[in-house]
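Structure record follows, encoded as structure tokens.
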Amino acid sequence: MCGIIGFAGREQAAPILLDGLERMEYRGYDSAGIAVRSATKGLQVKKTKGRLQVLRDLTQDGAELEGTLGIGHTRWATHGEPNDINAHPHVSENGRIALVHNGIIENYLEIKEQLQRHGVTFTSDTDSEVVAQLLEFHYNECHNMLEAVGRVLRRIQGSYAFGIICSDYPNALIAARKDSPLILGFGENGNFIASDVTAIIKHTRDVVYMDDGEIAVVTAENIDVFDSEMNPLEKKHSQVDWDVSAAEKGGYAHFMFKEIMEQPEAIRKTVSPRVREGRVVLDDLRLPAEYVRDISRIFIIACGSSYHVGMVSKYNWERLLRRPVEVCLASEFRYSDPLVDEKSLVVVISQSGETLDTMAAMREAKRLGARTLAIVNVVGSSIAREADDVLYTWAGPEIAVATTKAYSTQLVLMDLVGLYLADLLGTVEKSEYDAILWELQTLPEKLEQVLTHVEDIQYFASRYFNHNSIFFIGRNLDYAMGLEGSLKLKEISYIHSEAYASGELKHGTISLIEPGTLVVALGPYAALFDKSMSNVVEVKARGAEVLAVTTERFREKMEKTADSTVVVPDTHPILQPSLGVVPLQLFAYYVALQRGCDIDKPRNLAKSVTVE
Ligand code: F6R
């Protein structure tokens, strides 16, 4: 949700800022801007509505802005429509201070009114401009930028990552964070701030993760970090170990397609290091065995696709652990006065590790005494650092807004954790444990087989892309998988779509089925295949066109009823969603392609949702 970047160095800042913003465009892409401080021209600001390319054109790829100190922003609008004026950076009234912001200032209206009473005039509708103006107000009082930032931070409420430059300080930018991600990068030709490692990985792997309440002063030579009382801090450096090419398209037309194709390897990386001598080994998990034995209830909390992983895991964990598992939408959980206590295990799932709803829910669970375990992809992210335990999915950077490989690796990691806990609790038979673990290790090869049938899915997409409304139906794990298939389709192709538990159709939704309605029938879940088939027959009888996904084992039966059938290999029933979801991802991808949609950057969305 918005990406910010800053550079203080010995090279021209503008091209570096534009390149970094391009790599972070997935965080928001309705407008963008940069501000650069030049020795001769002072502060120069260029900002515009639209994609980064528009800003590139406006600044001749940065050549128009001279200077080695600057900040940049790519926006996902919250306060004020996406237009040139609401785009960041925001500049204070006297033109001396420029600021970029990711987050939301909750008390901005109150501050705005106070400043207006002092005669300050505002140009934009944003909460962020209020901070720029408040900074000027305090700077005029104390004539010290760091002091002015401190005063502002004490005044504002909400979430923020700020990058700030001031024309009186030709060599330094100031950064601050609370509840929005911000990292510091130490490069050879200068130093950086950024919302995400992807923005600066080309220049440095040496990073520091800022914590809430911290302020940093960044110059070409140095970065000094302070706590909220302005005491200097010694921060731990981390080395980013992934390859630069991991965040590039590498010849693929879209990041989403590249990431779909990377799934076998991603799953391999998640699973292999965690299986030794036929056992699940979770070296990073410090969860005490006594705590596990005492768990009365498990909560899985997440948003969007990560929540769908939770839906699959509910079925699997209840089967393996024989403990009640509740799956909660993070945005609902935190305000629901949840019945969580010190005998609860709360598992939060988040690719980005920055989703504000998930983080707030996790904090609420901790406050109520539960132990928290985070399943996260982005190393060093806020959720990863705040959870009692963290297990990383190791999917590598995921750039497309619609998640694919992160979802798949979350799924297998949850399976591994489920097996591990079931073993501790003694609730799984050895033969079952061995069978699941064996199949988990063979998933990558089976996935590779699924991916050899890409053209079939492309063909089905070309047949069905004109439908206005598509239903996904299935029972149990197939239903949970359908939720993800349906979300993938709607978010990137903008087709209305719903996922239903097949048995629920007759309680209302079947009235929407009319001749020609496309129903994607999911039937890999063996235990309920026959029941699911009756529901397929019911929708067929009402004229639906049925595209089915099933396994080799049920191919023949399914082909007799469905209009088109996609077949995936058989595996252990609890792992079947890992194979079944891939044709659904591909189907969404090709449908969106046929409809001419912007696949990697769907409208109104952003990858990292750091607002409520
Ligand atoms: C959909 C998608 C979103 C995210 C959701 C949670 O393709 O990516 O639904 O799953 O915004 O994000 P994380 O997992 O980063 O907490």
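Every number for a ligand or one of its atoms is a count from 1 in the order of the listing.
Numbered from 1 in the order shown, with element, the atoms of ligand 1 that lie under 4.0 Å from a heavy atom of Ser350 read 13 (P), 14 (O), 15 (O), 16 (O). Every atom of ligand 1 with a heavy atom of Ala402 under 4.0 Å away is listed here by number and element: 7 (O). Which parts of ligand 1 touch Val401 is read off a 4.0 Å heavy-atom cut-off, strictly below it: atoms 7 (O), 8 (O). In the vicinity of Glu491, heavy-atom distances shorter than 4.0 Å reach the ligand 1 atoms 1 (C), 7 (O). Proximity to Ser306 (heavy-atom distance under 4.0 Å) selects the following atoms of ligand 1: 10 (O), 13 (P), 14 (O).
Among residues two or more places apart in sequence or in another chain, the ring pair (Phe, Tyr, Trp, His ring centres under 6.0 Å) test is passed with Phe460 by none.
For atom 15 (O) of ligand 1, the closest non-hydrogen atom on the protein side is Ser352 OG, 2.7 Å. At the top of the distance list for atom 11 (O) of ligand 1, counting protein heavy atoms only, stands Val609 CG2, 4.0 Å. In this structure, atom 6 (C) of ligand 1 lies nearest to the protein heavy atom Cys303 O, 3.4 Å.
Using 4.0 Å as the threshold, Glu354 has no heavy atom nearer than that to any atom of ligand 1. Residue contacts with ligand 1 do not include Val378, since none of its heavy atoms lies under 4.0 Å from the ligand.
The option from Thr355, Thr393, Leu605 that lies nearest to atom 16 (O) of ligand 1, judged by heavy atoms, is Thr355. The option from Ala406, Ser305, Ala302, Ala330 that lies nearest to atom 3 (C) of ligand 1, judged by heavy atoms, is Ser305.
The salt bridge (charged side-chain N to carboxylate O under 4.0 Å, His left out) pairs that include a residue from residues 245-264 are Arg23-Glu248, Lys258-Glu262, Glu262-Lys405, where partners are two or more places apart or lie in different chains.
Using modelled atom types, one finds a donor on one side chain and an acceptor on the other under 3.5 Å when comparing Ser382 with Arg177. Counting only N and O atoms by type, the side chains of Glu484 and Ser305 include a donor and acceptor under 3.5 Å apart.
In this structure, Lys366 does not pair ionically with Glu386, as no charged nitrogen and carboxylate oxygen lie closer than 4.0 Å.
Within a 6.0 Å radius of CG in Asp283, other residues, nucleotides and ligands contribute more than 12 heavy atoms. Heavy-atom contacts from other residues, nucleotides or ligands closer than 6.0 Å to NZ of Lys269 number 12 or fewer. No more than 12 heavy atoms of other residues, nucleotides or ligands shown are found within 6.0 angstrom of NZ on Lys49.
By the 3.5 Å distance cut-off applied to N or O atoms, Lys488 is counted among the residues near ligand 1. Between Lys607 and ligand 1, no N or O atom pair is found at a separation short of 3.5 Å.
Because its NZ or CZ atom is both nearer than 6.0 Å to the ring centre of Tyr494 and within 45° of the ring axis, Arg603 counts as a cation-pi partner of that residue.
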